[in-house]
Structure formats: C-alpha cells, structure tokens
Trainee: 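Pasting in a structure now, in structure tokens, and then I'll have a few things to ask.
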Amino acid sequence: MIHFNKLVGQAEFLSPLKDFQPDSQPIEYREDPLLGLTSVVRTGRQFWGSLYKTDEALVQRMSDESRGWCFFCPEKATTATPRFLPGFIPEGRLQSGEAILFPNLFAQKEHSVICVMTDQHYLPLDAFAPALLSNAFKLSAEYIGRLYQAKAVKYAEIGSNYMFPAGASIVHPHLQVMCSDMACYLLREMVSRGRQYQEQHGRNFWEDLMETERQSRERYLGRIGDTEWFLPFAPTREDEVDAVVRGKSHFMELTEADWEALSDGLSRVLRYYGDKGLSSFNFAIYSGPLSVELPYFWMGLKIVSRTSVQPMPVNDVWYSNNILIDGFVTEPPEELAMDLKPYFS
Ligand SMILES: [Zn+2]
C-alpha cells in the first residue's frame, strides 16, 4: 500500500470580513508519494474562484482579430510554416486528416515541432473531441517514431498550452512535440524512484498506487482501456488530473487503442474544465526512454487548469510554485474528484 504523508494546521487571525472576530483557515501540507514534491492545500476559502471566470467577449475578440494572420489556419499552415529537411522527411510536413505537423520556427529543444490539431482557429474546451485529439496524437507518435528510426533520439514529450494565460502565443489549438537526448529533471526522478520502489517492494509503484486509489475511492476517476485516471494526492497546480498507461513505459509501446483512451479521458477533463468556466490549460504526456521497456515505470499524462482568459488576469504562477517548486491549490483533490466523477461514469 502507498503511504500518503500530510501535516494539518490552521491559519488563525481576526477577520475584517467578520467584524474582527476570530477566523481560521485549514491548511494541509502534503507530499507526493513518489517524488516527495510538496504542495499546500488550503481549504475553506475559494479566493481563487474569481480566476475561473472567462471573459467570453474577450475570447471572441482574440479569436476574430488573430484569424487573419494565423499561421496555423489551413491556408498558411500548408504554405508558410517551416518544412523538415528533405533527408529526414522528404514530404516536408506530416499530415493526417485535419492535423498537420512541422518544425517549430522557434525551437525549444533540438527536435521541436508543432502539431496543429484542427482546421478550426478556436475551439471552446468542450469541443476537443476524442477523435480530434487522437488523430493529432497519432500523427505526433508517427513523427517520434520516424525521428527515432533516423536518429535514435532518446526522449520525447508531447504537450499543449492553450490560450495566452497558459503560455500560448497563438490561439489556434496545437501540440508541441519535443525530443532530445537528455531527460528533464522530473522524468529522471520518476524513473529513478520507480526503480527504487520496485527494488524495495518487488512491485511496480503505479500498480500499487492505482490499487490504493481504487480502494480508497477518494481520488480515483476510472479506467479507460489501459489508461487509469485519478487526481494526485499532492497536486502542484489547480484542477490537476493525472493519467497513467498500464504497463507501458514509452511512446513507441503505445497502440492506437492507447492513444484513443488517452484522448477520451483528456476530452472528458476538458469538458469538465469548460463547464467550470475555465478557458486555459497546460497538459503534458511524458514518456520513459524510447529505446527500452522499463517494467518499473509507467508513462502518463498530467493536465492542469490555468487562470482563465480575462482582461487583467492574476497569474496563478507565483514565487512559491515558480521558484521554490512548492505546489499550492485551493480545492482539495478529494472534493474535485466528486465533481469530476460524473464525467468518467
Ligand atoms: Zn488559426
């Protein structure tokens, strides 16, 4: 069984909101059971609630004003975006249905590409249909496979930033696919701690985590195909939902059914975010090294909400989570899970 470590305290003061009578707010210090990353869960005061409200008129204006110059809309994506070197991908860009994939004009890693997911310039969060997502994921996986064949690249990740509060400079829904020969810190830690757990307990950490979560029913959402969906005990950002792929450690092991299951779950979470009034998110699909199947590591996906589109938004990334890597959320995952469960039933 997995142990969930937390400390509980109270922040006490005389509140001007209650005529200076004593008031208190429960605070929980939580620790991620694998990584040891810390996170603070403040319950009882929904101050952050105002960050959820989307200015729909502003979204419409941003969408309308950017459509004319958008390089990801079909007419420009097929003519004005970068092309791959002919020795690698002779066709220049990869295409499948509405999805198109090409090198990022502003590379963040050695192999940095954009996958435009749809012809539509803007999508509300409830319009990210499973088929749209899985088509883009499969095209991204094709790119990763071709890069692996050509250059034996070691690591790959797929991520998305949606709308400007999440770091997107272009409204048009797109994925980032990045590959390199060096793993990021968090992935290295996950793989290393997964191996340590297996050595100590003789079992896979995520197998045990899922068994514990399924039994407690506090944060577990459900299983779709071979993917498991749950809320992390110590979330680092608001509305965080996690998924893992059972028994798979890297992208090249995923079947079409696995991509469809990930897309199905992701689409459900995005629909929940949209119903909550959110308009901006980040997600990342992480993978172990592409060259070897690791029995002690399961790859997965993490998605978080970001401050909604507003004229003058208060950013939800501040010194604590940005520099000290100490997470902070105002809604306990156990309460969020109750709202999310109907989307997974
Ligand atoms: Zn566009």
Side-chain angles (χ1 to χ4, degrees), residues 54-84 89 91-109 111-144 157-179 259 262-263 266-267 269-271 273-275 277-285 301 303-311 313 315:
T54 294
D55 185 331
E56 296 293 348
L58 180 57
V59 171
Q60 190 63 49
R61 211 180 79 217
M62 284 175 56
S63 170
D64 292 345
E65 288 178 359
S66 57
R67 193 178 306 268
W69 57 261
C70 178
F71 283 89
F72 294 172
C73 273
E75 58 277 14
K76 286 201 171 74
T78 49
T79 55
T81 53
R83 296 167 60 90
F84 288 104
I89 292 178
E91 55 268 52
R93 305 178 186 92
L94 296 182
Q95 274 186 275
S96 168
E98 291 186 20
I100 178 165
L101 185 146
F102 47 81
N104 193 335
L105 192 56
F106 304 100
Q108 281 104 355
K109 289 192 178 177
H111 308 285
S112 209
V113 309
I114 296 290
C115 178
V116 175
M117 290 191 261
T118 169
D119 286 349
Q120 301 293 310
H121 180 65
Y122 165 73
L123 289 180
L125 298 200
D126 63 1
F128 284 82
L132 179 149
L133 291 166
S134 67
N135 181 55
F137 287 153
K138 288 175 197 172
L139 188 64
S140 302
E142 184 191 331
Y143 162 74
I144 293 168
E157 66 200 36
I158 298 176
S160 186
N161 313 313
Y162 194 51
M163 305 303 275
F164 72 84
S169 57
I170 292 183
V171 167
H172 203 122
H174 60 284
L175 301 172
Q176 313 247 358
V177 186
M178 288 197 253
C179 305
W259 284 116
L262 279 171
S263 304
L266 189 56
S267 176
V269 176
L270 291 176
R271 195 149 42 83
Y273 282 5
D275 289 348
L278 295 162
S279 45
S280 187
F281 61 82
N282 298 117
F283 71 76
I285 309 178
L301 173 154
I303 178 166
V304 300
S305 73
R306 299 299 305 273
T307 306
S308 291
V309 175
Q310 300 172 353
N315 201 295

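Nothing fancy with the numbering, it's 1 onward along the sequence. First listed ligand is number 1; within each ligand, the first listed atom is number 1. In this text, all values refer to a predicted model and were calculated from it rather than measured experimentally.
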Trainee: Are Lys109 and Glu157 close enough for a salt bridge, meaning some N to O gap below 4.0 Å?
Mentor: yes
Trainee: Does the separation of the ring centres of Tyr162 and Phe128 fall below 6.0 angstrom?
Mentor: yes
Trainee: Can you tell me the N, O or S atom of His121 that's nearest the Zn ion (ligand 1)?
Mentor: ND1
Trainee: With the Zn ion (ligand 1) as the reference point, give the N/O/S atom of His172 that is nearest.
Mentor: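 Atom name returned: ND1.
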Trainee: With heavy-atom distances below 4.5 Å as the criterion, would you say the side chains of Met163 and Tyr122 are in contact?
Mentor: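 A side-chain contact under 4.5 Å exists here.
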Trainee: Nearest 10° is fine: what angle sits at the Zn ion (ligand 1) between SG from Cys70 and SG from Cys73?
Mentor: 120°
Trainee: May I ask you to test the Ile285-Phe137 pair for a side-chain heavy-atom distance under 4.5 Å?
Mentor: yes
